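Just so we're clear, the structure is a prediction, and the values are computed from it rather than from any experiment.
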Amino acid sequence: MSTDQKDMYFVAVKVFLEKDNKLLILKDNFGDWDLPGGRIKKDEFENPLENIIKRKMSEELGNTIEYTIGKPTIFMRHQRIEQVAGNPTVRIFAIGYEGKLKKGEIKLSKRHTKLLWVDPTTFKPEKYFKGGWLQGVKEYLELRKKNNRLGK
C-alpha cells in the first residue's frame, strides 16, 4: 500500500466521567457537545496515556477534582472541521476510558461554556452529539446497560 492511500488521524483520550450514576457532558465554545479529554500533543508521544488524561482533565475540569480512571472501553473515530485558518477537516481516533469523579468541584476551562450531568438510563445522545462522538456515546451507554444487567 502506498502512503497516498493512508489517512492521517489525530489521537485523543476521552473520559466517560460519572458521579452519582450521572454522566458528564461538556459544551465547547463552538457549540458542540463533547466529553472531557482531548488530543495528544507532539511532545507527549512517549508519555503514558494516564498522564495525558491527567493533563486534559486538569485543563478542562480544573485541578482540584479527584477521580479514578478505569480501563479503555470505547474506541471512536470522529471527523470535524477545525476552527483555524482554512477550516480544514480533521479526523480523530479517540480512546474512551471509564471514569468516576470522587470529589471536588468542576471548574470549566474557557474552551467550554456549559456542563451537564445526564442520567445514562434516559439520556438521548442524538439530541446533543454528532458524528463519531455520537456513536461512541451510544456504544458506551449500551455497554453500561449490559454491565448493569450482568451486575458488573
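- In the hydrophobic cluster analysis, where Ile, Leu, Val, Met, Phe, Trp and Tyr join through side-chain heavy atoms closer than 4.5 angstrom, Y67 is grouped together with I106.
- A 4.5 Å side-chain heavy-atom check between Y9 and Q79 finds every atom pair outside the cut-off.
- No side-chain heavy atom of W117 sits under 4.5 Å from any side-chain heavy atom of L23.
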Derivation of the side chain to side chain contact (heavy atoms under 4.5 Å, CB included) call for W133 and I92: CA-CA 10 Å; W133 298 155; I92 304 165; 4.0 Å; yes

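- Hydrophobic clustering (ILVMFWY, side-chain heavy atoms < 4.5 Å, transitive): Y140 and M76 are in one cluster.
- A side chain to side chain contact (heavy atoms under 4.5 Å, CB included) with I25 is found for one member of V118, V137, L115, L17 and no other, namely V118.
- At a threshold of 4.5 Å between non-hydrogen side-chain atoms, the residues Y128 and L116 count as touching.
- D20 contributes atom CG, which lies 9.5 Å from atom NZ of K100 (distance to the nearest 0.5 angstrom).
- The line from NZ of K124 to OG1 of T122 is 7.5 Å long, rounded to the nearest 0.5 Å.
- Going from atom NZ of K14 over to atom NZ of K56 covers 7.5 Å, rounded to the nearest 0.5 Å.
- Of all the heavy atoms in I95 and P72, the pair that sits closest is CG2-CB, 3.5 Å.
- At a threshold of 4.5 Å between side-chain heavy atoms, the hydrophobic network of Ile, Leu, Val, Met, Phe, Trp and Tyr places F10 and V13 in two separate groups.
- Closest heavy-atom contact between H78 and G132: ND1-N, 3.1 Å.
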For the pair K107 and N63, evaluate side chain to side chain contact (heavy atoms under 4.5 Å, CB included) and give the outcome as yes or no after the intermediate values. CA-CA 8 Å; K107 306 235 187 285; N63 56 13; over 6 Å; no

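- Under the 4.5 Å side-chain criterion, counting only non-hydrogen atoms from C-beta, L108 is not in contact with E60.
- Side chain of D119 to main chain of T121: a donor-acceptor pair is present (N/O by atom type, distance under 3.5 Å, no hydrogens or angles).
- A distance of 9.5 Å separates CD in E44 from CG in L49, rounded to the nearest 0.5 Å.
- D32 pairs with exactly one of K27, K130, R111 by the salt bridge (Lys or Arg N to Asp or Glu O under 4.0 Å) rule, that one being K130.
- Note that the CG atom of N29 and the NZ atom of K114 stand 15.0 Å from one another [nearest 0.5 Å].
- Counting heavy atoms from C-beta outward, L26 and P36 have side chains that approach closer than 4.5 Å.
- For E105, the CD atom sits in a loose shell: 12 or fewer heavy atoms of surrounding residues, nucleotides or ligands are nearer than 6.0 Å.
- Smallest separation of non-hydrogen atoms from R55 and R39: NH2-O, 3.2 Å.
- At a threshold of 4.5 Å between side-chain heavy atoms, the hydrophobic network of Ile, Leu, Val, Met, Phe, Trp and Tyr places W33 and L35 in one connected group.
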Between K102 and T68, is a side chain to side chain contact (heavy atoms under 4.5 Å, CB included) present by the stated rule, with each step listed? CA-CA 7 Å; K102 294 297 185 189; T68 59; 3.5 Å; yes

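- In this pair, F123 and F129 present their aromatic rings perpendicular. The plane angle is above 60°, beyond the 30 to 60° band.
- Side-chain contact check for K71 versus E98: some heavy-atom pair is nearer than 4.5 Å.
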For E50 and K54: C-alpha separation, side-chain torsions, deciding distance, then whether side chain to side chain contact (heavy atoms under 4.5 Å, CB included) applies. CA-CA 6 Å; E50 293 77 19; K54 184 176 181 177; over 6 Å; no

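- Under the 4.5 Å side-chain heavy-atom criterion for Ile, Leu, Val, Met, Phe, Trp and Tyr, Y97 and I40 are members of the same hydrophobic cluster.
- Separation of atoms CD (E142) and CD1 (I74) is listed at 10.0 Å; rounding is to 0.5 Å.
- Looking only at side-chain heavy atoms (C-beta outward), F30 and R80 come within less than 4.5 Å of each other.
- By the 4.5 Å heavy-atom criterion applied to side chains, L24 and L101 are not counted as neighbours.
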